[in-house]
Student: 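There's a structure below that I have some questions on.
Within every chain, numbering begins at 1; the chains are lettered A, B, ... in the order of the sequence lines, protein sequences first and strands thereafter.
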Amino acid sequence: MEVFNTLGRTRQVFEPRDPGVVTMYVCGPTVQTSPHLGHGRAAVVFDVIRRYLEWEGFEVTYVQNVTDVDDKIINAAAERGIDCDAVAAASFAEFDEGYRKLGVKAPTIEPRATEHIPEMIDMIGSLIASDHAYASGGDVYFSVRSFPEYGKLSGRRIDELESGARIDPGEHKQDPLDFALWKAAKPGEPSWDSPWGPGRPGWHIECSAMSRKYLGGGFDIHAGGIDLIFPHHENEVAQAEAAHPDAPFCRYWLHNGMVNLAGEKMAKSTGHVVGLLDALETYPPTAVRLFYLRTHYRKPVEFTPEAMDDAVASLERLWAFRRRVTGPVEAPPDEQLIDRFRAVMGDDFDVAGALGVIFDAVREGNRLLDAGEDPGGVVAAFDEMTAVLNLPAPDVGLGDVADGLVELAGAYGIEAGSGDEDLVDALVAARQSAKTAKEWDTADAIRDGLAALGVVVEDTPDGARWHRR
RNA sequence: GGCGACGUGGCCGAGUGGUUAGGCAAGGGUCUGCAAAACCCUGUACCCGGGUUCGAUUCCCGGCGUCGCCUCCA
């Protein structure tokens, strides 16, 4: 298995720190506003990587942090006249809903910055003790020049950074490159006591401190958006390795590409976004998930209605195939398909390639079914592969069609009272009678009526079947 | 300006030094009362210019273009 490691910008053989165990830290959201489609992509992409690793037999500890204290949360709270906790709680609820609808597995641990202030203070303290940081005017800054390897993750050199850097008013840096580990509290801001006075942590320190706490030194995978490489992840490396020079901070850095809209990156700071929850209302969540998964995780993707229609149609092909097979599948998964799946997934998580294998399975399975042969092994492989990607089949339940259904049934003399599904079965049977009598108009009217309710009737050699659209 | 990524057929999108990715859409056919689904067939794809090679879309150099980072950002 090989992965592209941002640290070194090369493809490397994946060898976890401890055999059979993978420790992952994913940069989670700053719970400041509503999630957009970009947040969803990061979550889905790393969720699939996690599920794949678990499928390969690794025991995965998946940590995703929640940044619940930061300048923008404070500003948003001030603007809206509510407190920071309320801003964070409302935003977190939306992220959580979005992740859940997208089928993202809950993190093993989901630590919040505000619940790990002592750990951060400890780390800051040891950085000061080792001269990698200094207190200044109630703030504490990391001294970038004290860490010679600074820039190794993002491929920057300190001297080049120097020219563009500057010190903002109110900061007390010794060097423009230095960044805040601890910010002195201003009036009205949330704050915690510290050896340097009341204040709050800088952004970067939480990930170094919390990953250390839950995953230890030299954990396996640190993941996040490609836009976090600099400065966030660069700073994390510097802090963590300066505080613990004995071992590298983490072994593999994985970064996902951005979601673009009209050719430009979605970004909450510019308002150039499509809300995640809005998209999940407009499109089936599994189709949104598939939209993310069609493109390799490191590449940018363009969000367009056409791309979504495409994803919806592709998904329908998947499930149209799966609907053809009823009853339990007992055959072992087709080995050739599984081998191909494993090969592409182990090749820097080529999920687009994996989808190619899945669609090949669909064609082969359909061909076998048409030929009257047993597609068991292909179906078993299909089920296994789609489970790894977590592309769940839609609910077959009727949902909210009940009212129109009773009316339609009545029109054909079918008594309400039994369950909705029985009603549909009765209507399908009525259509079958009409077909037998060659009353095509009636048969088609029933089918059209059901279609209008979102129930699709399809004829097969074994009789008519129906499913929810 | 510095650093980095990318440029594949109508659209999306994997991949490879020489033999089919895949999806969506389109055309033809089979099946079917019709429809849907499905299967089969079709469309001579790799930004441009050099170079390496028996052979490059696939490696190297240059150019053009798009995007990202260089401030907060998944």
Student: Between B/rA74, B/rA21, B/rC34, which nucleotide gets closest to the side-chain atoms of A/His39?
Tutor: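 Nearest to the side chain of A/His39 among the choices is B/rA74.
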Student: Looking only at the side chain of A/Glu458 (C-beta and beyond, no hydrogens), which of the listed nucleotides B/rA74, B/rA36, B/rC11 gets closest?
Tutor: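 Closest of the options to the side chain of A/Glu458: B/rA36.
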Student: Taking only the side-chain heavy atoms of A/Ala320 (C-beta and beyond), determine which of B/rG22, B/rG68, B/rA37 contains the nearest atom.
Tutor: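 From the listed options, B/rA37 comes nearest.
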Student: Of all the choices, B/rC11, B/rG68, B/rC72, which nucleotide is nearest to the side chain of A/Asp310 once you look at every atom?
Tutor: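 Selected nucleotide: B/rC11.
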Student: Under 4.0 Å between a side-chain N/O of A/Lys265 and OP1 or OP2 of B/rC69, yes or no?
Tutor: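 Yes, such a contact exists.
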Student: Between B/rC70, B/rC39, B/rA74, which one does the side chain of A/Arg367 approach most closely?
Tutor: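 Shortest atom-to-atom distance from the side chain points to B/rC39.
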Student: Minimum heavy-atom separation for A/Tyr214 and A/His116, please, with both atom names.
Tutor: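 Smallest heavy-atom distance, with atoms named: OH-NE2, 2.6 Å.
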Student: Using the P atom as the point on both nucleotides, what is the distance between B/rU58 and B/rU16, in whole Å?
Tutor: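 It works out to 13 Å between them.
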Student: Which one, B/rG68, B/rG23, B/rG13, comes nearest to the side chain of A/Ala352?
Tutor: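 Side chain of A/Ala352 sits closest to B/rG13.
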Student: Could you give the distance separating B/rG50 and B/rG27 at their P atoms, to the nearest angstrom?
Tutor: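 That atom pair is separated by 39 Å.
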Student: Compare side-chain N and O positions of A/Arg324 against OP1 and OP2 of B/rA37 and report whether any pair is under 4.0 Å apart.
Tutor: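 No, outside the criterion.
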Student: I need the minimum non-hydrogen distance between A/Pro375 and A/Leu369, along with the two atoms involved.
Tutor: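 So the minimum-distance heavy-atom pair works out to CG-CD2, 3.6 Å.
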Student: Between the side chains of A/Thr10 and A/Gln12, is a donor N or O closer than 3.5 angstrom to an acceptor N or O?
Tutor: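 The criterion, which ignores hydrogens and geometry beyond distance, is satisfied for A/Gln12 and A/Thr10.
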Student: Taking only N and O in the side chain of A/Lys435, is any of them less than 4.0 Å away from OP1 or OP2 of B/rG33?
Tutor: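 For B/rG33, neither OP1 nor OP2 has a side-chain N or O of A/Lys435 closer than 4.0 Å.
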Student: Does atom CD of A/Gln336 have more than 12 heavy-atom neighbours from other groups under 6.0 Å away?
Tutor: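 Counting other residues, nucleotides and ligands, CD of A/Gln336 stays at 12 neighbours or fewer.
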Student: Taking any strand in view, what nucleotide pairs with B/rU44 in a Watson-Crick or G-U wobble way, both distances under 3.5 Å?
Tutor: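 B/rU44 is paired with nothing.
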Student: Which of residues 83-101 of chain A sit near RNA chain B, with a heavy atom under 4.0 Å from it?
Tutor: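 Output list: empty, so none.
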Student: Of the nucleotides B/rC34, B/rA74, B/rA21, which has the atom closest to the A/Asp360 side chain?
Tutor: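 Looking only at side-chain atoms, A/Asp360 lies closest to B/rA21.
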Student: Sticking with atom P, work out how far B/rA37 lies from B/rC11, rounded to a whole angstrom.
Tutor: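 After rounding to an integer number of Å, I get 24 Å for this pair.
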Student: Quiz question: by atom type and distance under 3.5 Å, do the side chains of A/Thr67 and A/Glu206 form a donor-acceptor pair?
Tutor: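 Side-chain D/A pair, A/Thr67 to A/Glu206: present.
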Student: Using atom C1' of each nucleotide, how far apart are B/rA26 and B/rC69 to the nearest Å?
Tutor: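 Taking atom C1' in both B/rA26 and B/rC69, they lie 41 Å apart.
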Student: Report yes if a side-chain nitrogen or oxygen of A/Arg340 is closer than 4.0 Å to either non-bridging phosphate oxygen (OP1 or OP2) of B/rU20; otherwise report no.
Tutor: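 A/Arg340 to B/rU20 OP1/OP2: no side-chain N or O under 4.0 Å.
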Student: Roughly how many Å is it from CG in A/Leu254 to P in B/rA74, rounded to a whole number?
Tutor: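 Roughly 17 Å, once rounded to whole Å.
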Student: Which nucleotide, B/rG22, B/rA74, B/rG33, lies nearest any side-chain atom of A/Thr30?
Tutor: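 Nearest to the side chain of A/Thr30 among the choices is B/rA74.
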Student: Any N or O donor-acceptor pair under 3.5 Å from the base of B/rC34 to the side chain of A/Arg447?
Tutor: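 Pair found.
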Student: Taking atom P in both B/rG9 and B/rU57, compute the distance separating them and give it to the nearest angstrom.
Tutor: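 Taking atom P in both B/rG9 and B/rU57, they lie 14 Å apart.
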Student: Just how far, in rounded Å, is C1' of B/rA74 from CG of A/Asn65?
Tutor: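 In whole Å, B/rA74 C1' lies 11 Å from A/Asn65 CG.
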Student: Could you give the distance separating B/rA36 and B/rC24 at their P atoms, to the nearest angstrom?
Tutor: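 Nearest-Å result for B/rC24 against B/rA36 at atom P: 15 Å.
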Student: Compare the minimum distances between each of B/rG33, B/rA74, B/rA14 and the side chain of A/Asp350, then state the nucleotide with the smallest one.
Tutor: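 Out of B/rG33, B/rA74, B/rA14, the nucleotide with an atom closest to A/Asp350's side chain is B/rA14.
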Student: Considering residues, nucleotides and ligands other than A/Asp168, do more than 12 of their heavy atoms fall under 6.0 Å from its CG?
Tutor: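 Yes, because the 6.0 Å sphere around CG of A/Asp168 holds more than 12 heavy atoms from other groups.
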Student: Can you tell me how far P of B/rC72 sits from CD1 of A/Ile229, to the nearest Å?
Tutor: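 Roughly 15 Å, once rounded to whole Å.
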Student: Using a cut-off of 4.0 Å on non-hydrogen atoms, how would the nucleic acid contact of A/Asp70 be classed: base, sugar-phosphate, or nothing?
Tutor: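 No contact.
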Student: Whole angstroms only, please: what is the CZ-C1' distance between A/Arg465 and B/rA38?
Tutor: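 Going from CZ in A/Arg465 over to C1' in B/rA38 covers 13 Å.
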Student: With a 3.5 Å distance limit and no angle check, can you tell me whether A/Asp178 reaches the backbone of A/Val144 through a side-chain donor-acceptor pair?
Tutor: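 Yes.
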Student: Whole angstroms only, please: what is the CZ-C1' distance between A/Arg323 and B/rA37?
Tutor: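 Between C1' of B/rA37 and CZ of A/Arg323: 9 Å.
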Student: For A/Gly38, answer base if it contacts any base atom (sugar-phosphate contacts may also be present), sugar-phosphate if it contacts only those atoms, and nothing otherwise; contact means non-hydrogen atoms under 4.0 Å.
Tutor: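 If one applies the 4.0 Å heavy-atom cut-off, A/Gly38 turns out to touch a base.
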Student: Which is it for A/Phe291 and A/Phe303 under the ring-ring contact (aromatic ring centres under 6.0 Å, His included) test, yes or no, and what are the steps along the way?
Tutor: CA-CA 9 Å; A/Phe291 161 73; A/Phe303 177 81; 5.7 Å; yes
Student: Between the base of B/rC34 and the side chain of A/Asp441, is there any donor-acceptor pair under 3.5 Å?
Tutor: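 When only heavy-atom distances are counted, A/Asp441 does not reach the base of B/rC34 through any donor-acceptor pair under 3.5 Å.
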Student: Counting only heavy atoms not in A/Arg145, do more than 12 fall under 6.0 Å of its CZ?
Tutor: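 Buried by this count: over 12 neighbours within 6.0 Å.
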Student: Within the structure, does a side-chain N or O atom of A/Asn366 lie under 4.0 Å from either OP1 or OP2 of B/rC39?
Tutor: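 True: A/Asn366 side-chain N/O within range (under 4.0 Å) of B/rC39 OP1/OP2.
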Student: Checking base pairs now: Watson-Crick or wobble, both atom distances under 3.5 Å. What partners B/rG68?
Tutor: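 Across all strands, the one nucleotide that pairs with B/rG68 is B/rC3.
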Student: RNA chain B: A/Arg157 or A/Cys27, which has the more 5' nearest nucleotide?
Tutor: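 Taking each residue's closest nucleotide, the earlier one in sequence belongs to A/Arg157.
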Student: Rounded off to whole Å, could you give me the CZ-to-C1' distance for the A/Phe321 and B/rG23 pair?
Tutor: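 Taking CZ of A/Phe321 and C1' of B/rG23, I get 16 Å after rounding.
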Student: Quick one about A/Tyr62 and A/Asp47 (side-chain donor to acceptor, distance below 3.5 Å, no hydrogens or angles considered), yes or no?
Tutor: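 No.
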Student: For A/Tyr252, which of A/Phe14, A/Phe4, A/Phe219 qualifies under ring pair (Phe, Tyr, Trp, His ring centres under 6.0 Å)?
Tutor: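 Of the listed options, the one satisfying the test is A/Phe14.
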Student: Kindly state which residues belonging to residues 275-302 of chain A come within less than 4.0 angstrom of RNA chain B, counting heavy atoms of the residue only, listed by number.
Tutor: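 Here the set is A/Arg294, A/Thr295, A/His296, A/Lys299.
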Student: Using the side-chain heavy atoms of A/Pro231, tell me which of these nucleotides is nearest: B/rC70, B/rG33, B/rG23.
Tutor: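 Closest of the options to the side chain of A/Pro231: B/rC70.
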Student: Quick one: look up who B/rG17 pairs with, Watson-Crick or G-U, both distances under 3.5 Å, and put none if it's unpaired.
Tutor: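 Answer to the pairing question: none, since B/rG17 forms no Watson-Crick or G-U pair.
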Student: Do the side-chain N and O atoms of A/Asn235 and A/Tyr150 include a donor-acceptor pair separated by under 3.5 angstrom?
Tutor: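 Looking only at side-chain atoms, A/Tyr150 and A/Asn235 do form a donor-acceptor pair, the distance falling under 3.5 Å.
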Student: Using the P atom as the point on both nucleotides, what is the distance between B/rG22 and B/rC41, in whole Å?
Tutor: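 Going atom to atom, P in each nucleotide, I get 11 Å.
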Student: Quick one: look up who B/rU58 pairs with, Watson-Crick or G-U, both distances under 3.5 Å, and put none if it's unpaired.
Tutor: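 B/rU58 is unpaired by these criteria.
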Student: For the side chain of A/Asn260 and the base of B/rG68, is some donor closer than 3.5 Å to an acceptor across the two?
Tutor: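 Side chain to base: no pair present.
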Student: When you match A/Val357 and A/Ala307 each to their closest nucleotide on RNA chain B, which lands nearer the 5' end?
Tutor: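 Mapping each residue to its closest nucleotide by heavy atoms, the 5'-most match is A/Ala307.
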Student: Does A/Phe249 have its ring centroid less than 6.0 Å away from the ring centroid of A/His222?
Tutor: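 Centroid separation for A/Phe249 and A/His222: below 6.0 Å.
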Student: Taking only the P atom of each, what is the distance from B/rG29 to B/rU20 in whole angstrom?
Tutor: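 One P to the other, the span is 27 Å.
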Student: Nearest whole Å is fine: how far is B/rC3 P from A/Phe230 CZ?
Tutor: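 From A/Phe230 CZ to B/rC3 P: 15 Å.
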